[in-house]
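The next block holds one structure in the form of structure tokens; read it before the comments.
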Amino acid sequence: MNLEQEISAILKEWGASYETEIGEQLIQFQKTRKDMEGDLTLLVFPLVKPAKKSPQMVGEEIGELLQQKLDFIVRFEAVNGFLNLVIADRYWLGRLNDIIADEQFGTASKRNERMMVEFSSPNTNKPLHLGHLRNNFLGFSVSRILEANGYDVVKTQIINDRGIHICKSMMAWEKFGNGETPSEAGLKGDKFVGKYYVEFDKALKIETAAVLNKWQEGDFGQAPEAVIEEYKKLQGVHDSKADDPKAQKGIADKIKKLVNNHTPLMQEVKLMLQRWEARDEETVALWTKMNNWVYKGFNTTYENIEVDFDKLYYESDTYLTGKEMVDLGLEKGVFFKKDDGSVWIDLTEDGLDEKLVLRGDGTAVYVTQDIGTAQQRMIDYPDLNGIVYTVGNEQEYHFKVLFLILEKLGYTWAKNCHHLSYGMIDLRNDKGEVGKMKSREGTVVDADDLVDEVVRMARVMTEERGHIDGMTDKEKQGLYHMIGLGALKYFLLKVDPQKKMTFNPDESVELNGNTGPFLQYVHARISSVLRKSDFEGNVELSANLENVEKEIIKHLAEYPEVIHQAGTEFSPAVVANYVYDLCKLYNSFWQNIHMLNEPDINLRKMRLQMSVQVAKVIKSATHLLGIDVPQRM
RNA sequence: GGCCCCGUAGUUCAACUGAAUAGAAUAUCAGAUUUCGGCUCUGAGGGUUGCAGGUUUGAAUCCUGCCGGGGUCACCA
């Protein structure tokens, strides 16, 4: 039984003497303010009512009672409805011994429940960028946090390997590639395919402009009647709105989209998609070849950022399951069919709109595929308790719809699905202007480049000030990578996921202050002193604690609760802030109190043991963030 | 326009989900440390928590209304 529980038990007895029941909700603890004496504070306000006395009087009454019953309460002070309790050192030393004895301190025991965490899931036409890094680090860290909370976790991603966008890069490679391979071009596979996707886009833009010109001159080529009519109608509206430039621009965009859709190039791509759906051998072979290039490139990046997956899902495997689910939903009456054959769900009663789940031509849309994937996952893992989807917050509406659909289809696990939503990353340039990342404007921060850059920075810093004599080159490389990646991961994870963040390439990845390398440094320093000392066994309960030492032990003791909170909130930021505070506390101790030349052997042992436990928790907490800590740096 | 998210020191972020004088980092200024690792530590200045009401013994936190920023409302993914 811990301290809070013992006090709660006494408070319940105390309540009984007033013939009131003291519920858990009325018993609230908090840390004692720094400028007050005490280790733990009980809020008296909620307890005032039953006693019908002033907060001050109730505080003193409870204080006396607690001191009488619990011998490790040394003193108490009641101030304005706050009861500050001073706890004896031997109590905290006892807690330290508990922590020493627990190898897996902080982590919960197995609960035999399985959770799936989906993250990454990139577009195969675009190399990974900074936004994906936030996604990957978040998803990976949440997986570890859930494991620490006792879940069995399956890390997964859905690979969007199907659809018209894939055909675009395939078409471009066929037209402009001359059979070139990534190695011939000296590019990573994902970068290579991305290059052709961009080339397609360029060609399409030029062609769209040309076709638009022709249409404006009345030359409609092979365009179908209905499209020409639509165009003329839009053009009419456009011309009539000469006085409203904003509306006119909107119409102009619609016209562009229409033209874009009927260029010869787009027609060709659509034919290619049809050939793919019909399993045309040549098309599928090209598709397979190019996808494998992409996967190879992605895997290099995943290895580099030390992220991995237990199970991969491919959209090309699950979209058909999705269509079957739609049929099933039609039978159940969850969905309905419109005259043109398209299938919908009516969510107006839930405060949303009608949503399309299958196109008029019978092909799958985004949500169809997600329904199918969810179903496939349940088949593969029948004991699955829930799925966490790590996806940007611009898709919040989509996931609301998806979860509602799953629920209406009758899946009980739908209520355990969670959209781990995170904010976008804006960029700040050297002029201080904030803007969005846009591939078209070349303002995307490439993931590989960024990792290289932070590793380079880590090398420069470490060569200047590090303790790396006697390391082999290979060990040094590993260390720079560990530090650089640690800086990047910590930077992206310390912020509450829901908040959007601003990234300045020049300033953002610092190695000082509230950063990953700061944590790594503290761990390395503790490791260093431990190499020079002995630290076995339990500590004596009779030692006297300095204030910082007590603070450190108190902070250590909170670790299990931190893991629990991080798990229920799916928030690595909780862990990050906790471990940072621990390191700061420890540094303050380090600066003021020496260990190795302390003459009192019990005191020396206690300090060394406490340091070992601090190092243990740093290692454990940073592990939850996907960050490694070194022995030396 | 409807719905969702965000607004806290110059800047980047906290605040245990309603508690005492809103905390860190960074930058600035002033100091410490020849000794276990200076990527360290101590201190100072810096705030009407976007604005206005309301609920409460008590509000950055909950409610209402504004203001500002972003997102989303596709037979795109």
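Reminder, nothing fancy here: chain letters follow the sequence lines and each chain counts from 1. These values consider heavy atoms only, across backbone and side chains, with no hydrogens, waters or symmetry-generated copies. Keep in mind the model is a prediction, meaning the values are calculated, not measured.
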Problem - Stacked pair F45(A)-A19(B), distance under 5.5 Å, angle under 30° - result: yes
Practice task
Have a look at U17(B) and give me syn or anti from its glycosidic angle (syn if within 90° of zero).
Solution key: syn
Problem - Complement of C3(B), any strand, by Watson-Crick or G-U distances under 3.5 angstrom - result: G71(B)
Exercise for the section: Looking only at side-chain atoms of V365(A), point me to the closest of U40(B), A77(B), A20(B). Expected result: A77(B)
Practice task
Quote, to the nearest angstrom, the C1' distance that separates A60(B) from G50(B).
Solution key: 12 Å
Exercise for the section: Please state whether the phosphate of U40(B), meaning OP1 or OP2, lies under 4.0 angstrom from any side-chain nitrogen or oxygen of N587(A). Expected result: no
Handout entry: Complementary nucleotide for U35(B) - Watson-Crick or wobble, under 3.5 Å
Key = none
Practice task
Look at all strands and tell whether D496(A) reaches a base, only sugar-phosphate, or nothing, counting heavy atoms closer than 4.0 Å.
Solution key: sugar-phosphate
Handout entry: Integer angstrom distance from the C1' of C6(B) to that of U61(B)
Key = 15 Å
Practice task
For G7(B), take OP1 and OP2 only and decide whether either is under 4.0 Å from a side-chain N or O of K499(A).
Solution key: yes
Handout entry: Y578(A) OH to A15(B) P, straight-line distance once rounded to whole Å
Key = 16 Å
Exercise for the section: Write down the distance between NZ (K257(A)) and P (C76(B)), rounded to a whole number of angstrom. Expected result: 9 Å
Practice task
Compare side-chain N and O positions of K584(A) against OP1 and OP2 of G23(B) and report whether any pair is under 4.0 Å apart.
Solution key: no
Completion exercise
On RNA chain B, more 5' by nearest nucleotide between T41(A) and Q591(A) is T41(A)
Handout entry: Residue matched to G23(B) through Watson-Crick or wobble contacts both under 3.5 angstrom
Key = C13(B)
Exercise for the section: Classify the side chain of N592(A) and the base of A32(B) as holding, or not holding, a donor-acceptor pair under 3.5 Å. Expected result: no
Handout entry: G37(B) versus G46(B) - spacing of their P atoms, nearest Å
Key = 39 Å
Practice task
For the pair Y389(A) and F403(A), name the ring-plane relationship: parallel under 30°, tilted 30 to 60°, perpendicular over 60°.
Solution key: tilted
Exercise for the section: Pick base, sugar-phosphate or nothing for G360(A), based on heavy-atom distances below 4.0 Å to the nucleic acid. Expected result: base
Practice task
Could you tell me whether the side chain of T515(A) has a donor or acceptor atom within less than 3.5 Å of a complementary atom in the base of A25(B)?
Solution key: no
Exercise for the section: Would you indicate which nucleotide in G37(B), G69(B), A77(B) comes nearest to any side-chain atom of E315(A)? Expected result: A77(B)
Practice task
Take the angle between the ring planes of F45(A) and F82(A) and call it parallel below 30°, perpendicular above 60°, tilted in between.
Solution key: perpendicular
Exercise for the section: Apply the side-chain contact (heavy atoms from CB on, under 4.5 Å) test between L40(A) and each candidate in K31(A), K554(A), E4(A), Q30(A); give the one that qualifies. Expected result: E4(A)
Exercise for the section: Answer with yes or no after comparing the ring centroid distance for Y586(A) and F589(A) against a 6.0 Å cut-off, counting only values under it. Expected result: yes
Fill in the blank from the handout: Closest of A20(B), G70(B), C13(B) to the M36(A) side chain is A20(B)
Problem - Ring-base stacking, F82(A) with A20(B) (5.5 Å, 30° cut-offs) - result: yes
Handout entry: Nearest-Å distance once atom P is located in both A59(B) and C51(B)
Key = 16 Å
Practice task
Compute whether any side-chain donor of one residue and acceptor of the other, for T32(A) and T41(A), lie under 3.5 angstrom apart.
Solution key: yes
Fill in the blank from the handout: Here the distance between atom P of G71(B) and atom NE2 of H419(A), to the nearest Å, is 16 Å
Practice task
Please work out if H594(A) contacts a base, only the sugar-phosphate, or nothing of the nucleic acid, heavy-atom cut-off 4.0 Å.
Solution key: base
Exercise for the section: Scan A524(A) against the nucleic acid and name what it touches under 4.0 Å (heavy atoms): base, sugar-phosphate only, or nothing. Expected result: base
Practice task
May I ask you to say what F29(A) touches in the nucleic acid, namely base, sugar-phosphate or nothing, with a heavy-atom cut-off under 4.0 Å?
Solution key: nothing
Exercise for the section: Give Q631(A) one of three labels, base, sugar-phosphate or nothing, depending on what nucleic acid heavy atoms sit under 4.0 Å from its own. Expected result: base
Exercise for the section: Identify which nucleotide among C39(B), C36(B), A77(B) has an atom closest to any side-chain atom of L596(A), counting heavy atoms from C-beta outward. Expected result: C36(B)
Practice task
Check the distance between C4(B)'s P and H398(A)'s NE2 and give it to me in whole angstrom.
Solution key: 19 Å
Problem - U64(B) and U28(B), which share atom name C1', separated by this distance in whole Å - result: 42 Å
Handout entry: S342(A)-W344(A) side chain donor-acceptor pair, cut-off 3.5 Å
Key = yes
Practice task
Take the protein atom CD of Q498(A) and the nucleotide atom C1' of C6(B), then report the distance between them rounded to whole Å.
Solution key: 9 Å
Exercise for the section: Could you check whether E558(A) gets within reach of a base, just the sugar-phosphate, or nothing at all, counting any heavy atom under 4.0 Å? Expected result: nothing
Practice task
Determine, for E464(A) against R459(A), whether the closest basic-nitrogen to carboxylate-oxygen distance falls under 4.0 angstrom.
Solution key: no
Problem - Given RNA chain B, 5'-ward residue of the pair V529(A) and M424(A), judged by closest heavy atom - result: V529(A)
Problem - Pairing of K338(A) and E354(A) as salt bridge, 4.0 angstrom limit - result: yes
Exercise for the section: Measure from CG on D581(A) to C1' on A14(B) and round the result to the nearest Å. Expected result: 8 Å
Completion exercise
From the candidates A14(B), G37(B), U21(B), the one with an atom nearest any side-chain atom of N577(A) is A14(B)
Problem - Any R359(A) side-chain nitrogen or oxygen under 4.0 Å from OP1 or OP2 of A77(B) - result: yes
Handout entry: P atoms of A9(B) and G54(B), separation to the nearest Å
Key = 25 Å
Problem - Distance in angstrom units between I164(A) CD1 and C76(B) C1', rounded - result: 10 Å
Practice task
Provide the distance between the two C1' atoms, one in A27(B) and one in G10(B), to the nearest whole Å.
Solution key: 8 Å
Exercise for the section: Please determine if R162(A) and E277(A) form a salt bridge, counting it only when a charged side-chain N lies under 4.0 Å from a carboxylate O. Expected result: yes
Exercise for the section: Compare side-chain N and O positions of S588(A) against OP1 and OP2 of C41(B) and report whether any pair is under 4.0 Å apart. Expected result: no
Exercise for the section: Quick one: label L347(A) by what it contacts on the DNA or RNA (base, sugar-phosphate, nothing), any heavy atom closer than 4.0 Å. Expected result: nothing
Practice task
Give the nucleotide from the list A77(B), U40(B), C4(B) with an atom nearest to the side chain of R525(A).
Solution key: U40(B)
Completion exercise
In whole angstroms, the gap separating P of G7(B) from CE of M501(A) amounts to 15 Å
Handout entry: Distance between P atoms of G69(B) and U56(B) (Å, rounded)
Key = 35 Å
